[in-house]
Amino acid sequence: MPERKNFIRDIIDDDLKMGKYNTVHTRFPPEPNGYLHIGHAKSICLNFGIANDYNGLCNLRFDDTNPTKEEVEYVESIKEDVRWLGFDWGDRMFYASDYFDQLYEYAMVLIKKGKAYVDDLNADQIREYRGTLTEPGKNSPYRNRTVEENLDLFERMCKGEFPDGSRTLRAKIDMVSPNLNMRDPVMYRILHATHHRTGDKWCIYPMYDWAHGQSDSIEGITHSICTLEFEDHRPLYNWFLDELGIHHPRQIEFARLNLTYTVMSKRRLLQLVQEGRVNGWDDPRMPTISGLRRRGYTPESIRLFADRIGVSKADSMIDVSVLEDCLRADLNKRAPRVMAVIHPLKLIIENYPDGVVEELDAVNNPEDTSMGTRKIPFSKVLYIEQDDFRENPPKKYFRLSPGAEVRLRYAYIIKCVGVVKDPKTGEIVELRCTYDPETKSGSPQSARKVKGTIHWVSPQHAADAEVRVYDRLFSVKDPSGENWSEGSRFAGKDSINPNSLEVVKGCKVEPGLAAAKPQDRFQFERLGYYCVDDDSQPKADEPLAQRPGNLIFNRTVTLRDTWAKVEKS
RNA sequence: UGGGGCGUAGCCAAGUGGUAAGGCAGCGGCCUUUGGAGCCGCGAUUCGGAGGUUCGAGUCCUCCCGCCCCAGCCA
């Protein structure tokens, strides 16, 4: 299989060669406190991808050490997203909470070794004692309690004898270490909170730093891949593992993903949801996996993206165009072509007989002829895209204009012979055209050169649809740099794109689309890729055929539009 | 100004002492019944900078500059 080389694989190759490990076992360890986003997808593809390529295994583990922020809704969504992306954790779905008992035993080991102590300092005092980046910390007055006293106090913490925040269990390391993580980090805090899995069994909960490395160790992880900000924590994880004398995974850090015109922190995404900036975690404008899915992205396109962007330790900001191109590359090969008119303009073919309907042949996918052909109805009255007509065409405009000829895709060559306007508003309401009967698609005369080809739909046969035209959520490249503080109304500072969603009703799509189901993806010829939104789902008691006006498409991504570029310049 | 990282084209990213891959974006052209797709061509005398080692340096050494992360009882 094609392996993408990167520094992580180099390290693994080396470890394998040196015999440090003889298998590869990775894990994807999300905290169930929000929905997964495209940045997590990078990590998922990395971890599961490496496991696959090295014939190893990858676990799914929920790092659920903070019951105040975690919910089952999130664990369900995470499982769905990982599965949807195409990865399988087999029977290896774990929770850090599975290890709470073991972690407690490990803590006892450290206490008995004199390497951990119960501290009575409160949060503020701990901060004061910690020192700063440039000043050393100082020892807590409780640092030298006896093992017996620590054992007793820790057991009582666990039994619930003390209120939240009153005491902690701390590792006894080095209060003057230049690495703040080594200044006697907190291992346990008292939290009388109900955990989504362990209920009220515990009222002390392990800190991430205390749980993570040991969880990896317990699972026999060989390569613990995480993001850059944990680089400073590695010495601490190593210290715990060494003091405990247990299996030692190798931690490797990589740079997290940043994408232009969006944000990638769960905190910001949560804020967007809570402030009603978007319609939930799966809003098609969100960079969440569920949002991308609803938008019409495919798992293949996301995996391709992960592959293309690579992995390194350099902070980076990937242009969304890379993501969009991955999608186009995938959908171009697979999406059935279809004709749809989003902003209809009526067109009458004056010399076409009344009442006649022709069934024309159309190719379902020129990139894949095995997808066959279909029939589409053609008649005297048609709709075309408003943008495909200009009364005063600019230079190089290949479409329809007064006196000009254009090809109707799969049909005939027509010529515009008249423009009908609303006498009051001056708005163009109808085009009068003539067609050349000799130019029917496939006939010898149809080979005639015409500048442009446009798409169309026969309204008397068409299905009605609503189209949700999505654009980027933010209008600035790096919205994380904006002021997100409460009350700052960052939307008012032009950082949120006011046109990120345009709902267009009264669109006409070719008749076959009436049978489309949610999540089906199509290419609307000459426009872009669209997918059927979940809102199209008929009510439970409503037959699929009867959902007038309830066919909703999301614009996933536009086609490359070289004309748009030309016109702009 | 403590500690940990990172600097190769507009954005990513290969490169592991032997003469700068690839992708996206951009720009030309060809082709086309999607202004789609496809195809062809164009960009780094130079790798943050300056010195040094070497026959030879993006790769090794020294110094300097810039950017990111760390002072949660979050993860």
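Computed from a predicted structure; not experimentally measured. Order of the sequence lines fixes the chain letters, A, B, ..., with proteins taken first and strands second; residue numbering starts at 1 for each chain.
For RNA chain B, the neighbouring residues in residues 358-377 of chain A, judged by any heavy atom under 4.0 Å, are A/Pro366, A/Glu367. Looking at residues 436-448 of chain A, you'll see A/Ser441, A/Gly442, A/Ser446 sit with a heavy atom under 4.0 Å from some atom of RNA chain B.
With sequence neighbours excluded, the residues that form a salt bridge (charged side-chain N to carboxylate O under 4.0 Å, His left out) with A/Asp388 are A/Arg399, A/Arg526. Applying the side-chain contact (heavy atoms from CB on, under 4.5 Å) criterion to A/Thr298, with sequence neighbours excluded, gives A/Glu300, A/Ser301, A/Leu327, A/Asp330, A/Leu331, A/Arg334, A/Arg521. Residues satisfying the salt bridge (charged side-chain N to carboxylate O under 4.0 Å, His left out) criterion with A/Arg448, sequence neighbours excluded, are A/Glu405, A/Asp436. Applying the side-chain contact (heavy atoms from CB on, under 4.5 Å) rule to A/Arg256 yields the partners A/Thr227, A/Glu229; only residues at least two apart in sequence or on another chain are considered. Every side-chain contact (heavy atoms from CB on, under 4.5 Å) that A/Ala411 has, sequence neighbours left out, goes to A/Leu360, A/Phe378, A/Leu408, A/Trp456. Not counting sequence neighbours, A/Lys42 has no partner by the salt bridge (charged side-chain N to carboxylate O under 4.0 Å, His left out) test.
Aromatic ring orientation, A/Trp202 versus A/Tyr104: tilted (interplanar angle from 30° to 60°). Between A/Tyr237 and A/His212, the ring-plane angle classifies as tilted under the 30° and 60° cut-offs.
Considering all non-hydrogen atoms of both residues, A/Asp232 and A/Asn179 come closest at O-ND2, 2.9 Å. Listed here is the closest heavy atom pair of A/Leu527 and A/Ala340: CD1-O, 3.6 Å.
Taking atom P in both B/C73 and B/G15, the straight-line distance is 40 Å, to the nearest Å. Here, B/G49 and B/U54 have their P atoms 23 Å apart, quoted to the whole Å. B/C64 and B/G28 have their P atoms separated by 47 Å, given to the nearest Å. Comparing B/C60 with B/G18, their C1' atoms are spaced 15 Å from each other, to the whole Å. With P as the reference atom, B/G58 and B/G48 are 10 Å apart, rounded to whole Å. When the P atom is compared between B/C12 and B/U16, the two are found 22 Å apart, to the nearest whole Å. Straight-line distance between the P atoms of B/A13 and B/G7: roughly 9 Å, to the nearest whole Å. B/C47 and B/U8 have their C1' atoms separated by 4 Å, given to the nearest Å.
Test A/Leu292, A/Leu269, A/Val263 against A/Pro287 for side chain to side chain contact (heavy atoms under 4.5 Å, CB included) and you get one pass: A/Leu269.
Between A/Phe254 and A/Phe7, a ring centre-to-centre spacing not shorter than 6.0 Å is recorded. Aromatic ring centres of A/Tyr261 and A/Phe474: separated by at least 6.0 Å. Within the 6.0 Å centre-distance limit, the rings of A/Trp563 and A/Tyr397 are counted as a close aromatic pair. Taking the ring centroids of A/Phe240 and A/Tyr106, they lie at or beyond the 6.0 Å cut-off. The distance between the ring centers of A/Phe522 and A/Tyr529 does not fall below 6.0 angstrom.
Protein atom CD of A/Gln251 is 14 Å distant from nucleotide atom C1' of B/C69, rounded to whole Å. Rounded to whole angstrom, the span from the CG atom of A/Leu559 across to the P atom of B/U34 amounts to 11 Å. Atom OH in A/Tyr261 sits roughly 13 Å away from atom P in B/C11 (whole-Å rounding). Rounded to whole angstrom, the span from the CZ atom of A/Arg407 across to the P atom of B/G35 amounts to 11 Å. Whole-Å rounding puts the A/Asp388 CG to B/U33 C1' distance at 14 Å.
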Do A/His195 and A/Phe100 pass the ring-ring contact (aromatic ring centres under 6.0 Å, His included) test, and can you show the C-alpha distance, the side-chain angles, and the key distance before you say yes or no? CA-CA 12 Å; A/His195 187 279; A/Phe100 282 178; 5.7 Å; yes
Can you check side-chain hydrogen bond (donor to acceptor under 3.5 Å, both in side chains) on A/Gln523 and A/Glu525, steps first, answer last? CA-CA 6 Å; A/Gln523 183 195 98; A/Glu525 290 215 38; over 6 Å; no
I would like to know whether A/Tyr435 and A/Tyr412 meet ring-ring contact (aromatic ring centres under 6.0 Å, His included); could you show each step before the answer? CA-CA 6 Å; A/Tyr435 84 120; A/Tyr412 299 90; 4.8 Å; yes
Along nucleotides 20-25 of chain B, 5' to 3', which nucleotides get a B, which get an S, and which get a -, given that the test is a protein heavy-atom distance under 4.0 Å? ---SSS
Got a list of protein N/O to nucleotides 30-32 of chain B N/O distances below 3.5 Å?
none

What N/O pairs connect the protein and nucleotides 73-75 of chain B at under 3.5 Å? Give each pair on its own line.
{"unit_1": "B/C73", "atom_1": "OP1", "unit_2": "A/Arg130", "atom_2": "NH2", "d": "3.4"}
{"unit_1": "B/C73", "atom_1": "OP2", "unit_2": "A/Arg130", "atom_2": "NH1", "d": "3.1"}
{"unit_1": "B/C73", "atom_1": "N3", "unit_2": "A/Gly165", "atom_2": "O", "d": "3.2"}
{"unit_1": "B/C73", "atom_1": "N4", "unit_2": "A/Leu121", "atom_2": "O", "d": "2.9"}
{"unit_1": "B/C73", "atom_1": "N4", "unit_2": "A/Ala123", "atom_2": "N", "d": "3.2"}
{"unit_1": "B/C73", "atom_1": "N4", "unit_2": "A/Gly165", "atom_2": "O", "d": "2.7"}
{"unit_1": "B/C74", "atom_1": "OP2", "unit_2": "A/Arg189", "atom_2": "NE", "d": "3.2"}
{"unit_1": "B/C74", "atom_1": "OP2", "unit_2": "A/Arg189", "atom_2": "NH2", "d": "3.0"}
{"unit_1": "B/C74", "atom_1": "O3'", "unit_2": "A/Arg189", "atom_2": "NH2", "d": "3.2"}
{"unit_1": "B/C74", "atom_1": "O2'", "unit_2": "A/Asn66", "atom_2": "ND2", "d": "3.2"}
{"unit_1": "B/A75", "atom_1": "OP1", "unit_2": "A/Thr65", "atom_2": "OG1", "d": "2.7"}
{"unit_1": "B/A75", "atom_1": "OP1", "unit_2": "A/Arg189", "atom_2": "NH1", "d": "3.4"}
{"unit_1": "B/A75", "atom_1": "OP1", "unit_2": "A/Arg189", "atom_2": "NH2", "d": "2.9"}
{"unit_1": "B/A75", "atom_1": "OP2", "unit_2": "A/Tyr208", "atom_2": "N", "d": "2.9"}

Return the polar atom pairs (N/O with N/O) between nucleotides 2-8 of chain B and the protein under 3.5 Å, or none.
{"unit_1": "B/G2", "atom_1": "N9", "unit_2": "A/Leu133", "atom_2": "O", "d": "3.2"}
{"unit_1": "B/G2", "atom_1": "N2", "unit_2": "A/Pro178", "atom_2": "O", "d": "3.3"}
{"unit_1": "B/G2", "atom_1": "N3", "unit_2": "A/Leu133", "atom_2": "O", "d": "3.1"}
{"unit_1": "B/G3", "atom_1": "N2", "unit_2": "A/Asp232", "atom_2": "OD2", "d": "2.7"}
{"unit_1": "B/G4", "atom_1": "O4'", "unit_2": "A/Asp232", "atom_2": "OD1", "d": "3.4"}
{"unit_1": "B/G4", "atom_1": "O2'", "unit_2": "A/Asp232", "atom_2": "OD1", "d": "3.2"}

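Contacts of A/Val566 with the nucleic acid, taken as non-hydrogen atoms under 4.0 Å apart, are absent. A/Phe524 comes within contact range of no nucleotide atom at all, as no heavy-atom separation falls under 4.0 Å. The residue A/Gln523 sits close to a base: some heavy atom pair falls under 4.0 Å. Within the 4.0 angstrom heavy-atom criterion, base atoms lie near A/Arg337.
The partner of B/G41, taking Watson-Crick or G-U wobble pairs whose two distances both stay under 3.5 Å, is B/C27.
A/Phe162 carries A/Arg167 over the face of its six-membered ring, with the cationic atom under 6.0 Å from the centre and within 45° of the normal.
Regarding contacts with the backbone of B/U16, every side-chain N or O of A/Lys5 stays at 4.0 angstrom or more from both OP1 and OP2.
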